[in-house]
Amino acid sequence: MLRVYNTLTGEIENFIPINSPFVGLYLCGPTVYGYPHLGHARGPIIFDVIYRYLLHLNYKVRFVRNITDVGHLVNDADEGEDKIQKRAKIEQLEPMEIAQHYTDAYHANLDKLNVKRPSIEPRASGHIIEQIEMINQLIQKGFAYESNGSVYFDVLKYAETHDYGKLSGRILSELMAGAGEARRELEGQSEKLNANDFALWKKASDSHIMQWPSPWSNGFPGWHIECSAMSAKYLGKSFDIHGGGMDLLFPHHESEIAQSTACHNVAPAKYWIHHNMVTINGQKMAKSLNNGILLSEVFEGKHELLEKAYSPMTLRFFILQAHYRSTLDFSNDALKAAEKGLQRLMNSLTILNKLEPGNQSDFNISVLNENIFKALNEDFNTPIALAHLFEAVGWINKINDGNAALTKVDLSTLKSLFQLVVIDILGLLEEQSSEGQNFIDPLLQLIISLRNEAKDAKDFKKSDEIRQKLLLAGFELKDGKECTTYSIK
RNA sequence: GGUCCUGUGGCCGAGUGGUUAGGCUCAGCUCUGCAAAAGCUGCUACAGCGGUUCAAAUCCGCUCGGGACCUCCA
């Protein structure tokens, strides 16, 4: 039985889909106004594993992950412009061109991380009509009002009949007490009935390039409405899982719940799943804090905090080694450790496929199997699942050394278990530079045999030279008992 | 200021009141021409103080430290 932590209740609950075997899964995607950094990778990777696991459990999953390409207000110097447009002015490009550029970069990075593409990846800019329609309904129902060409959601009105703050644990009266004091002045604050009201539609100034006609003004949609409109369109008014980063809890997800509930008379999502942040030196990695490390910088090793490049799979493993609800502190040492660990795990997979069965089994595969799925079923506890996998890594090495054995049946069970968990569910792949792989192997076998001739002739000077030069070329030789193997650095 | 989370061995990180999490690093040994890999062994921690309990890293209280949100954010 799969159990998931639901932010809405603060408890781990049994996962029971609204309409089994169908599962609707919505994840807040990126705002495409910059290159993705380390923190941006966590959500997609965590939810990729969740997606894969749900598929493994034979659910029919529709996974929607949006692209936000409109609407976010900036609150620094250029008030009222949206972020996409701001970049457009700097770079003298068409706004959509920029959105496309960063969307492509996002995809390229996630592909490297072996993150499956979602079933549907809607863009906010492609759903203006749906958003306007939803705003219309909210006005008709009395939950929203127009003010000077903009439309705001009436939080107080909503709070009369609903609990605004139940997701994020906020109390409206406290929000109101705090409003106005330590808060920064948002543009259009005077247009609101109440400081906590949030924008559904913003009137655009003439200089604002990204704008669309609406019944109220030429403008653009507020931030929260896009997710509500798109999730309702593709998953229905009520769906199973809504996910995102913990930093989106308030106001984004809280407001989504308010809008959707007010509009559809039903809560949008049954389970809310929030992953925690990636920190650096204990502090959240964020574009605004200027402490972000881009994914491309990790993959290329081009960052002052990084000793070297780390592969996408290393990063994926690093992220899965922590539970998704804990903060994860990033450092070069931590990545280095992840790299070694991953290597050991993947090596054991290769070894496993070459093992010969024995007459008896020294290890209990079914207990292993049970432990791994117990961990995954308990709120997707990937670190514990990995710990159990490493138990088996020890077994595999022992068998390989001839110090233990597994029967034919157990061996093949173990093989399929590793295949299923490591490759299919955790999405960890054997890494090799695929290009030229086909001719590299025979080439290296030739070099190895030449080196072995030198070794047999006790010409160690020559054999060491060959090994050293190959290492410089990126190939590491390992002299085993039976034969010499190599790995690509 | 308000709400909430958190503090685990050299590092990263799991932990349901009673059992060795796991990974990495380090030291020793086995194997080996050397190196690497692999195996074995060792290093056994829970911020501090107090309480509950036969038993607490785990529950409660206080103190100190770190963080998130309250504003765009994965």
Side-chain angles (χ1 to χ4, degrees), chain A residues 10 27-31 33 36-47 68 71-76 82-83 165 168-171 174-175 177-179 181-186 196 223 243-252 274-279 281-289 292 317-318 321-323 325-345 347-348 351 375 378 381-391 393-394 396-398 400-403 455 458 460 463-464 467-468 471 476-481 484-485 487:
Chain A
L27 175 64
C28 287
T31 306
Y33 66 97
H37 60 66
L38 262 176
H40 291 121
R42 193 168 189 189
I45 288 174
I46 291 298
F47 279 90
T68 298
H72 283 200
L73 296 173
V74 292
N75 50 15
D76 46 22
D82 80 30
K83 286 183 173 173
S168 54
R170 245 149 264 262
I171 297 160
E174 284 174 358
L175 282 172
E181 281 178 31
R183 295 190 145 197
R184 219 182 297 185
E185 198 60 23
L186 284 175
N196 289 294
W223 175 31
M246 280 185 184
D247 51 351
L248 298 183
L249 258 166
F250 191 90
H252 185 51
H274 291 94
H275 67 264
N276 217 318
M277 303 289 107
V278 176
T279 60
N281 296 322
Q283 217 183 16
K284 175 183 166 184
M285 196 176 284
K287 200 175 182 63
S288 51
L289 295 172
F317 180 82
F318 170 68
Q321 252 193 326
H323 185 82
R325 280 192 288 121
S326 307
T327 53
L328 175 56
D329 202 45
F330 165 86
S331 67
N332 183 67
D333 283 350
L335 269 192
K336 206 157 70 177
E339 183 179 54
K340 279 292 199 73
L342 174 68
Q343 214 168 54
R344 200 163 148 231
L345 181 66
N347 270 345
S348 78
I351 295 169
E378 194 64 13
N381 200 324
T382 53
I384 290 190
L386 280 168
H388 289 303
L389 283 172
F390 273 102
E391 232 176 281
V393 169
I396 291 166
N397 289 330
K398 256 189 190 146
N400 192 40
D401 286 357
N403 294 327
K455 265 175 69 183
K458 305 259 182 219
F460 296 125
S463 70
D464 285 354
R467 185 172 59 191
Q468 182 59 26
L471 188 64
E476 184 174 32
L477 295 189
K478 293 164 210 165
D479 292 334
K481 257 183 192 165
T484 300
T485 57
S487 63

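Small disclaimer: the values here were computed from a predicted structure and weren't measured. Scope of the values below: all heavy atoms of this structure, side chains included, with no hydrogens, waters or symmetry mates. Below, read A as the first sequence line, B as the second, and so on, with proteins coming before strands; counting in each chain starts at 1.
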Whole angstrom is fine here: how far is it from [atom1] in [X] over to [atom2] in [N]?
{"X": "A:His252", "N": "B:A74", "atom1": "NE2", "atom2": "C1'", "answer": "11 Å"}
{"X": "A:Ile171", "N": "B:C69", "atom1": "CD1", "atom2": "P", "answer": "20 Å"}
{"X": "A:Lys284", "N": "B:G66", "atom1": "NZ", "atom2": "C1'", "answer": "16 Å"}

At under 4.0 Å, does any side-chain N or O of A:Asn400 touch on OP1 or OP2 of B:A38?
no

Using a 3.5 Å cut-off on both pairing distances, which stems of three or more Watson-Crick or G-U pairs include RNA chain B?
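Runs of three or more consecutive pairs: B:1-7 with B:64-70, B:10-12 with B:22-24, B:26-30 with B:38-42, B:47-51 with B:59-63.
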
Could you list, one pair per line, each protein nitrogen or oxygen that sits under 3.5 Å from a nitrogen or oxygen of nucleotides 34-36 of chain B, together with the distance?
{"unit_1": "B:C34", "atom_1": "O2", "unit_2": "A:Arg467", "atom_2": "NH2", "d": "2.7"}
{"unit_1": "B:C34", "atom_1": "N3", "unit_2": "A:Arg467", "atom_2": "NH1", "d": "3.0"}
{"unit_1": "B:C34", "atom_1": "N3", "unit_2": "A:Arg467", "atom_2": "NH2", "d": "3.3"}
{"unit_1": "B:C34", "atom_1": "N4", "unit_2": "A:Asp479", "atom_2": "OD2", "d": "3.0"}
{"unit_1": "B:A35", "atom_1": "N6", "unit_2": "A:Asp479", "atom_2": "O", "d": "3.3"}
{"unit_1": "B:A35", "atom_1": "N1", "unit_2": "A:Asp479", "atom_2": "N", "d": "3.2"}
{"unit_1": "B:A35", "atom_1": "N3", "unit_2": "A:Arg467", "atom_2": "NH1", "d": "2.8"}
{"unit_1": "B:A36", "atom_1": "O2'", "unit_2": "A:Glu476", "atom_2": "OE2", "d": "3.4"}
{"unit_1": "B:A36", "atom_1": "N1", "unit_2": "A:Asp479", "atom_2": "O", "d": "3.0"}

Main-chain N/O of A:Ala385 paired to A:His388 side chain as donor or acceptor, under 3.5 Å
no

Quick one: does A:His275's side chain have a donor or acceptor within less than 3.5 Å of a partner on A:Gly244's backbone?
yes

Pairing residues for A:Arg325 by the salt bridge (charged side-chain N to carboxylate O under 4.0 Å, His left out) criterion, not counting sequence neighbours
A:Asp379

Got a sec, which residues hit side chain to side chain contact (heavy atoms under 4.5 Å, CB included) with A:Leu477, two or more places apart in sequence or on another chain?
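Listed in chain order: A:Ile448, A:Arg451, A:Arg467, A:Leu470, A:Thr484, A:Tyr486.
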
Partners passing ring pair (Phe, Tyr, Trp, His ring centres under 6.0 Å) against A:His323 (at least two apart in sequence or in another chain)
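A:His323 satisfies ring pair (Phe, Tyr, Trp, His ring centres under 6.0 Å) with no residue once adjacent residues are dropped.
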
Using a heavy-atom cut-off of 4.0 Å across all strands, would you classify [X] as base, sugar-phosphate, or nothing?
{"X": "A:Gly43", "answer": "nothing"}
{"X": "A:Gly39", "answer": "base"}
{"X": "A:Met277", "answer": "base"}

For nucleotides 11-25 of chain B, read 5' to 3', which letter fits each nucleotide if B means a protein heavy atom sits under 4.0 Å from the base, S means only the sugar-phosphate is that close, and - means neither?
-SSSS-----BBBSS

